[in-house]
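The block underneath contains the structure these notes are about, expressed in structure tokens.
The basis for the numbers below is simple: all heavy atoms, side chains too, and nothing from hydrogens, waters or symmetry mates.
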Amino acid sequence: MESIAVKSEAALVIDLIGGSEEAFTALYLRHRQSLVYQAFRFLKSDELVEELMQELFTKLWERKHTLHADKPLKPLLNKMLRNLIIDFFRRMKYDATAKDKFIRELETQYSPIELKLAEKEKKKLLNEALSNLPPLQREVFVCFKLEQKSYKEIEEMYGLTKAAIHSYIYRTNVYLKSYFRNFDKSDLLLILIWMDLLS
């Protein structure tokens, strides 16, 4: 019998689909380190990363019957990780305890001066990105996202319908996420920018 340590990924996935815990463990060990590295770039906390790894691989086990042995596992795991990180930042919008905990973790990684400088740089980068948009679309987005104005206030300011306002905000979010996706800046800036885009 072929040792599980030398089995191909496709063979391991077939075994996993069949419910093999040994195959699951082998795949976990093969992929965990690169996933931990990616997650830590954004979360900056061993504890948070470990929680995310447990959630990710639990989801992988639960959906094992949907896997395809002829498709590499890495892209799927990367997509699952990205979605979990995005969900984490979304939850922070509504969970003050989680947000405070994350900020404390950031503060252990960066000095107050670094955080202030990063915040200024983030605003500069966002302004540069927004400068490429049509004037009205940019103004609506700034009013809603940065100045925290309500839909009603924006309707009165620009004579727009709710549908038009929503469309401008949605299109700007899509544009910004694409703009920053491959941006070569520090991890802290990426964290701050994503927290803005997902709030």
Practice prompt. Can you sort out the partners of Ser167 under side chain to side chain donor-acceptor pair (under 3.5 Å), two or more places apart, ordered by chain and number?
Written response: Arg171

Discussion item. If you define the side chain from C-beta out and look only at heavy atoms, does anything of Glu55 sit under 4.5 Å from Leu84?
Written reply: yes

Worksheet item: Can you name the side chain to side chain donor-acceptor pair (under 3.5 Å) partners of Tyr170, sequence neighbours left out?
Response: none

Response to the item:
The complete set of side-chain hydrogen bond (donor to acceptor under 3.5 Å, both in side chains) pairs with one or both residues in residues 56-81, sequence neighbours excluded, reads Gln38-Asn78

Item to complete: Take Phe88 and Leu48, measure what side-chain contact (heavy atoms from CB on, under 4.5 Å) needs, and give me the verdict at the end.
Response: CA-CA 10 Å; Phe88 170 79; Leu48 291 173; 3.9 Å; yes

Item to complete: Look up atom CG in Asn83 and atom CG in Asp87, then write down how far apart they are to the nearest 0.5 Å.
Response: 6.5 Å

Fill in: Smallest separation among heavy atoms of Leu133 and Arg138, with atom names
O-NH1, 3.0 Å

Worksheet item: Side chains of Leu29 and Thr25: closer than 4.5 Å at any heavy-atom pair?
Response: yes

Worksheet item: Only one of Leu60, Leu27, Ile14 forms a side chain to side chain contact (heavy atoms under 4.5 Å, CB included) with Leu67, so which one is it?
Response: Leu60

Under 3.5 Å, sequence neighbours excluded: what are the donor-acceptor pairs made by side chains of residues 153-165?
from   : atom 1 : to     : atom 2 : distance (Å)
Glu153 : OE1    : Ser150 : N      : 2.8
Glu153 : OE1    : Ser150 : OG     : 3.4
Tyr158 : OH     : Glu139 : OE1    : 3.2
Thr161 : OG1    : Ala164 : N      : 3.1

Worksheet entry | Minimum-distance pair of heavy atoms, taken over all atoms of Ala23 and Leu12 | CB-O, 3.4 Å

Discussion item. Quick one, Tyr168 with Phe144, criterion ring-ring contact (aromatic ring centres under 6.0 Å, His included). Give me CA distance, side-chain angles, the key distance, then yes/no.
Written reply: CA-CA 10 Å; Tyr168 279 135; Phe144 182 75; over 10 Å; no

Practice prompt. Please list, chain by chain and in numerical order, all residues satisfying salt bridge (charged side-chain N to carboxylate O under 4.0 Å, His left out) with Arg32, sequence neighbours excluded.
Written response: Glu50

Item to complete: Kindly indicate whether the side chain of Ile169, heavy atoms from C-beta on, has any atom under 4.5 Å from the side chain of Tyr151.
Response: yes

Worksheet entry | Under 3.5 Å: donor-acceptor pair, side chain of Gln33, backbone of Arg30 | no

Discussion item. Ignoring hydrogens, what is the shortest heavy-atom contact between Ala10 and Ala69? Give both atom names and the distance.
Written reply: CB-O, 3.4 Å

Worksheet item: Does the side chain of Thr172 reach to within under 4.5 Å of the side chain of Leu130, using non-hydrogen atoms?
Response: yes

Worksheet entry | Short side-chain to backbone donor-acceptor contact, Glu9 and Leu73, under 3.5 Å | yes

Worksheet item: Hey, what do you get for CG (Leu52) to CZ (Phe40), rounding to the nearest 0.5 Å?
Response: 13.0 Å

Worksheet item: Going by heavy atoms in the side chains, are Val36 and Asp46 under 4.5 Å from each other?
Response: no

Item to complete: Mind checking the CG-NE2 spacing from Leu81 to His31? Nearest 0.5 Å is all I need.
Response: 13.0 Å

Worksheet item: Taking side chain as C-beta onward, heavy atoms only, is Leu35 less than 4.5 Å from Phe57?
Response: yes

Worksheet item: In chain order, what residues pass the side chain to side chain contact (heavy atoms under 4.5 Å, CB included) check against Pro134, with sequence neighbours excluded?
Response: Gln137

